[in-house]
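Both ligands and their constituent atoms are indexed starting at 1 by order of listing.
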Amino acid sequence: MSRNILLMTGDGIGPEIVAEASKVLDQVNSRFSLGLVMSEAKLGGQAYDEYGAPYPEATRDKARQADAILLGAVGGPKWDAVERHLRPEQGLLDIRSDLQLFANLRPAILYPQLADASSLKPELVAGLDILIVRELTGGIYFGEPRGIRILEDGQRQGYNTDVYTESEIRRIAEIGFELARKRGGRICSVDKANVLEVTLLWREVVTEVSTNYPDVELSHLYVDNAAMQLVARPKQFDVILTGNLFGDILSDEAAMLTGSIGMLPSASLNKERRGMYEPCHGSAPDITGQGIANPLATILSLSMMLRYSLGEQKAADSIDAAVGRVLDTGLRTQDIFTPGTTKASTSEMGEAVLKEL
Ligand code: NAD
């Protein structure tokens, strides 16, 4: 049975990193006889340039047919002046919402070879393995009403709405508990229940869901404390479960514990476990076109795709192992480079992974 994989390079460094990941995908496809059929579509700024919309119909049709999607990244200064609803980042919000990709999984794993690249002391981060489960299609990024209005006294007022229904909280909590059960058996739910009613409900519903998972230990933290704990004692965490806004921020913080955002993959799944896979980072306009972007987060996103949407554990393991072996050789892109290691370009890193496969 063939399965459809949609590749979307997006903007900035997107084409550079997806080019490397795409070679890796072709190689595992033939080596493990996966029967994957690849096609391409445009999202973000490149879609706006061609179709006048960041998530055009042509892309929507292909995305809805796909068993899994690999995305580079979207956005960049070129589109800064474009109206908000046509900005590249809106395309990302639209596709997540259209495909109901409500569960965002972001592992923050520190490869032992990269302990020196972390900004924290190696003993604080060595062996770090956190999974952040972030709700992705609700909360303040989607809540209505929103906007900037003129008040009676003539000044402008910006406003957004943070909303979650019980069912939205329950379905993401269940994913978090299921994953915690398969890992270290601990989940920490992050909210701001002392100030925000929406997250008070979050805490109540997560606590209700926990009664179905007596084998998983649940704790709660306020987001300010969670941010502090992540840098003070990061290894205390197993699974972190949180909403859209807090998850956005905490996952970037966790990313830096691991040395570079260029190492971190992510998965965004819907209830049938179809999903979109992408590196945690953005389009990195500051390094676009220089051939120095780290392609490993994108390559590791492929491994998550094989594991979570396609059920191809062996192929996924082979990619993870190949990345580990490349790091063993001391090859590093600029973002993870430390003295004594060997600097590699984007394509040299991609080629090295292919060779190890
Ligand atoms: P960014 O993640 O693009 O870059 C932050 C820093 O990390 C930069 O210094 C960049 O050079 C570096 N970096 C990122 N990826 C790297 C890689 N693979 N290898 C080496 N270094 C890497 O975040 P930003 O600068 O805040 O945003 C740039 C653009 O990306 C904006 O338009 C933003 O809206 C967009 N963005 C898109 C996504 C997405 O597509 N999912 C996510 C975040 C930001």
To which protein heavy atom is atom 1 (P) of ligand 1 closest, and what is the distance rounded to 0.1 Å?
-> G282 N, 3.5 Å
How close does the nearest protein non-hydrogen atom get to atom 14 (C) of ligand 1, and which residue and atom is it?
-> H281 CB, 3.6 Å
So, for atom 27 (O) of ligand 1, does the protein have a heavy atom nearer than 4.0 Å?
-> no
Can E208 and R170 be counted as an ion pair, charged N to O under 4.0 angstrom?
-> yes
Flag for S251-R106: side-chain donor and acceptor within less than 3.5 Å | yes
Closest to atom 31 (C) of ligand 1 among protein heavy atoms sits E89 OE2, 3.7 Å
Less than 3.5 Å between some nitrogen or oxygen of N294 and one of ligand 1, yes or no?
-> yes
Quick check: are there more than 12 heavy atoms from other residues, nucleotides or ligands sitting under 6.0 Å from CZ of R149?
-> yes
Counting heavy atoms only, which part of I13 comes closer than 4.0 Å to ligand 1: side chain, backbone, both or neither?
-> side chain
May I ask you to decide whether R3 forms a salt bridge with E312, counting only side-chain N to carboxylate O separations under 4.0 Å?
-> yes
Here the atoms of ligand 1 under 4.0 Å from any heavy atom belonging to G76 are 32 (O)
Nearest non-hydrogen protein atom to atom 11 (O) of ligand 1, with distance, is D286 OD1, 2.8 Å
Return yes when A297 approaches ligand 1 closer than 4.0 angstrom through a heavy atom, no otherwise.
-> no
Salt bridge between E278 and R96, side-chain N to carboxylate O under 4.0 Å?
-> yes
Report the nearest protein non-hydrogen atom to atom 25 (O) of ligand 1: residue, atom name, distance rounded to 0.1 Å.
-> P285 CD, 4.4 Å
Atom 39 (C) of ligand 1 [closest protein heavy-atom partner, distance rounded to 0.1 Å] = L92 CD2, 3.5 Å
Ligand-residue contact atoms, ligand 1 with G75, heavy atoms, under 4.0 Å | 32 (O)
Cation-pi geometry met for R134 and F246 (6.0 Å, 45°) = no
Any side-chain donor paired with an acceptor under 3.5 Å for T298 and E20?
-> no
Under 3.5 Å: N/O of A73 near N/O of ligand 1 | no
Note: ligand 1 atoms sitting under 4.0 Å from heavy atoms of E278 are 41 (N)
Could you walk me through whether Q90 and Y55 pass side chain to side chain donor-acceptor pair (under 3.5 Å), step by step?
-> CA-CA 8 Å; Q90 187 60 43; Y55 183 43; over 6 Å; no
Verify the contact flag for atom 5 (C) of ligand 1, where contact means a protein heavy atom under 4.0 Å away.
-> no
Take every heavy atom of I261, measure it against each atom of ligand 1, and state whether any distance is under 4.0 Å.
-> yes
May I ask you to check whether over 12 heavy atoms, not counting those of E123, lie within 6.0 Å of atom CD?
-> yes
heavy-atom search around atom 29 (C) of ligand 1 in the protein gives S283 OG, 3.2 Å
For A293, atoms of ligand 1 separated by under 4.0 Å from a heavy atom | 19 (N)
Dump the intermediate steps for side chain to side chain donor-acceptor pair (under 3.5 Å) on D320 and S303, then the final yes or no.
-> CA-CA 7 Å; D320 292 347; S303 139; 2.7 Å; yes
Crowding at CD, E144 (>12 non-hydrogen neighbours, <6.0 Å) | yes
How close does the nearest protein non-hydrogen atom get to atom 37 (C) of ligand 1, and which residue and atom is it?
-> V74 O, 3.1 Å
Using a strict 4.0 Å threshold on nitrogen-to-oxygen distance, state whether R186 and E217 make a salt bridge.
-> no
Does any N/O atom on A284 come nearer than 3.5 Å to any N/O atom on ligand 1?
-> yes
